[in-house]
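Here is the structure we will look at.
Computed from heavy atoms alone, side chains included, the values below leave out hydrogens, waters and symmetry copies. Within every chain, numbering begins at 1; the chains are lettered A, B, ... in the order of the sequence lines, protein sequences first and strands thereafter.
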Number of protein chains: 2
Amino acid sequence: MEIAANNPSLKSWVEVPENSDFPIQNLPFGIFKEGGAQRAGVAIGDKVLDLAVLQSQGLFDGLGLPDGIFDKEVLNDFLKLGKATGRVVRNRISELLQEGNDELQNHYALGSILLDQSKVKMCMPVQIGDYTDFYSSEQHAYNVGCMFRDPDNALMPNWKHIPVGYHGRASSIIESGVPIHRPKGQQKPSDDEPPVFGPCKLMDFELETAFITCGGNDLGDSITTAEAEDYIFGMVLFNDWSARDIQKWEYVPLGPFLAKNFASCISPWIVTLDALEPFRIAGPKQEPEVLPYLKYEGNKHFDIDLEVAIQPEGSEEKVVGNSNFKYMYWNMAQQLAHHTVNGCNIKTGDMYGSGTISGPDSSQFGSMLEISWKGTKPVKMPDGSERKFIQDGDTVIMRGHAKQNGVRIGFGEVATKVLPAK
Amino acid sequence: MEIAANNPSLKSWVEVPENSDFPIQNLPFGIFKEGGAQRAGVAIGDKVLDLAVLQSQGLFDGLGLPDGIFDKEVLNDFLKLGKATGRVVRNRISELLQEGNDELQNHYALGSILLDQSKVKMCMPVQIGDYTDFYSSEQHAYNVGCMFRDPDNALMPNWKHIPVGYHGRASSIIESGVPIHRPKGQQKPSDDEPPVFGPCKLMDFELETAFITCGGNDLGDSITTAEAEDYIFGMVLFNDWSARDIQKWEYVPLGPFLAKNFASCISPWIVTLDALEPFRIAGPKQEPEVLPYLKYEGNKHFDIDLEVAIQPEGSEEKVVGNSNFKYMYWNMAQQLAHHTVNGCNIKTGDMYGSGTISGPDSSQFGSMLEISWKGTKPVKMPDGSERKFIQDGDTVIMRGHAKQNGVRIGFGEVATKVLPAK
């Protein structure tokens, strides 16, 4: 698909630092706050473009947008307009920011239109309706199976037939930068002793991405793999915090619950699927053959580098995992087709996590559970300390970007500090 | 706790048929539609009291309610005002409806204030934020354990330590009266054959109640068992539809997903916890002793009769299960304390299902899985047909009420017809 705003030769009159995640080819949408109310913006270099002001100044006239569509606390109403409208708006923003265009560049109110990212507060971009987490990286599922079952039978029998997923908690998904407290809960340190209650001892992250939907199906209808991407507006980075000791004791038979729902954290900019269009690649061969409703045509996987770092309090960070979104076995279109094949309805603003994304090499693992192999291989930090799991005071930082032909489409970061249990 | 509106000697000038679920001591809140927009109402006998009109006529003056609080599509904003405000409003409505009070009885606009329930459409009472389903009836957990594991080890090791719960799908929770389609999905009829795709063959209901929250805690904070009921506005009947064949193949290791999220159905009237106050009873002795955060004082279980009936198309219904909410091992206060003990935040409008409620006798089971004991004991219908699970054209009807001193506090019903797979 040709999208005008993706043209790699485009340059902006806004200065974009080298290796910025936000060149003119990206233009991710977010919600920010500066002075007054929350409103919608687009990132360009180190700046935020205030879309609410742009619209009030008439710069989106003729696009058929409802009045004040960007002057909202969340992007849901904008996303409801659909992906085609999102594309038109992104192309128009691209036009306004291109070298040679002076509609904005010489605008009398430019100072109130183009703000420093460092001076605004980024907020949750959407009000999340439902949140589902998948489990779609084969290496991650294999690693977990090796540790808790047996390497010869690491994958569950259903894993290559079903994009396994489960429902999670929407209320506790928060934006990057908000610190969280270590959760408390029941653990069972010994098989022969009753459970104990206290702060989680095996606090972990999960390196994931998540996609956000626009529009949806009626209850009882389904979305095919061919249609699915029409409902995927864009993606964010997703840290699915996990309390491994709580998880171990609670999760049979109905799945993880308190081990997960104390917090999940996202990067604040929604990178559109449109901006990621040039980074499509083929997925892995799926063997055994999947059922017809899970088959798909074309490239529906994406080549996006991901990394996760730990920064101990008062020290430098250390990257502990380098993975890539291409290591997904099941792609987003298959996930959404599966989710709706029973008639389950999706809605604008839902969030769908990928599951921990681990690559085949041990340097590519996406959780401390895997990186430290259940705590048997501690990781050395720059300050000399060791990590098996996450300690109080640690900040966990995830970053991601795709790069090709000199164009870097980045996600910014999701960075979250862990405070002691309350 | 003394609540004026609960006085068993109160009588209303509105005619209340014998055995009505909605005497003046109940006054459940709901959202209805008649003519124009959706708005809030209260049930009395066979009538609905239009709260939006009542407020506009000044009949709530002095209660400090925001303008138009009942003139909304859902009750969330009203519930956000908190339980104390709900109590004040319910007491005022009780006053207006009592024999001898003529503020409404002789009101010039009574015809637009008091409408026939049969002439209005009941809608979803709240916009649900998050939905959690618990698994809190011991007999149900035991029955499932007997069928799928072993009677000597029927309960999982964690079951008597944790009010086990899992997250469900909020988007597909719908009100009574809306038919649903049989879901399709993957099943694995034989261990040696690959999975197949098609309409669910083992369609089941689950007889549950659900509570709806008002207000909530900040992320990172917890709610104690002593505080929990301050956040529980009221309850509804809850049919947690389940596709047993889909469930069996998908649920290990992350829990039920497509087997549940195609639909859950609720009764439209929220019966306040206040109205249920007289029906508190002691819960079962919890042995082994629970951890301190799960201990509670006072009676936090409720004596509420529940029944579930199947009505084949064009035939009479047959009651197939009679249960009671008192058969819960874990009460709602324990569920909420557990849910938040890790800092997970609850919000106004969340829904929390009890899990299938089964009593100790086989006539008291709350799902076809148990009633037909995995299909080995079919149930005879009035039309001569048999049921192991639910067939296309069947309507499943759940009802519930508490009764004492001649006062019957009922829930109405949740009735849902199953249409063939699309």
Between [options], which has the largest tally of heavy atom pairs under 4.5 Å with chain A?
options	value
B:V196, B:I180, B:D221	B:D221
B:G343, B:P183, B:A170	B:A170
B:E250, B:H338, B:K260, B:H181	B:H338
B:G168, B:A421, B:G185	B:G168
B:H161, B:R182, B:Q127, B:K347	B:H161

Non-hydrogen atoms of chain B under 4.5 Å away: do they reach the side chain of [X], the backbone, both or neither?
X	result
A:V252	both
A:I162	both
A:I128	neither
A:K184	both
A:P292	neither

Which value, rounded to the nearest 0.5 Å, describes the distance between [X] atom [atom1] and [Y] atom [atom2]?
X	Y	atom1	atom2	value
B:N342	A:Q186	CG	CD	11.5 Å
B:R169	A:D350	CZ	CG	4.5 Å
A:D133	B:H167	CG	NE2	11.0 Å
A:D130	B:D130	CG	CG	7.5 Å
A:Y251	B:M156	OH	CE	9.0 Å
A:K188	B:N158	NZ	CG	9.5 Å

Main-chain N/O of B:C344 paired with A:N261 side-chain donor or acceptor, under 3.5 Å: no
Within the 6.0 Å centroid threshold, strictly below: B:Y293 and A:F197: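 So the answer is yes for these two rings.
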Flag if over 12 foreign heavy atoms under 6.0 Å of CD, B:E227: yes
Within 6.0 angstrom of A:K248 NZ, more than 12 heavy atoms from elsewhere: no
Inter-chain contacts: residues 141-150 of chain A against chain B, heavy atoms under 4.5 Å: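 No residue falls under the 4.5 Å cut-off.
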Ring geometry between A:H339 and B:F257 (parallel below 30°, tilted from 30 to 60°, perpendicular above 60°):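 The arrangement is perpendicular - the two ring planes meet at more than 60°.
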Greatest number of heavy atom pairs closer than 4.5 Å to chain B - which of A:P157, A:G165, A:G220: A:G165
Chain B interface, residue from A:T132, A:L254, A:L291, A:I174 that has the most non-hydrogen pairs under 4.5 Å: A:L254
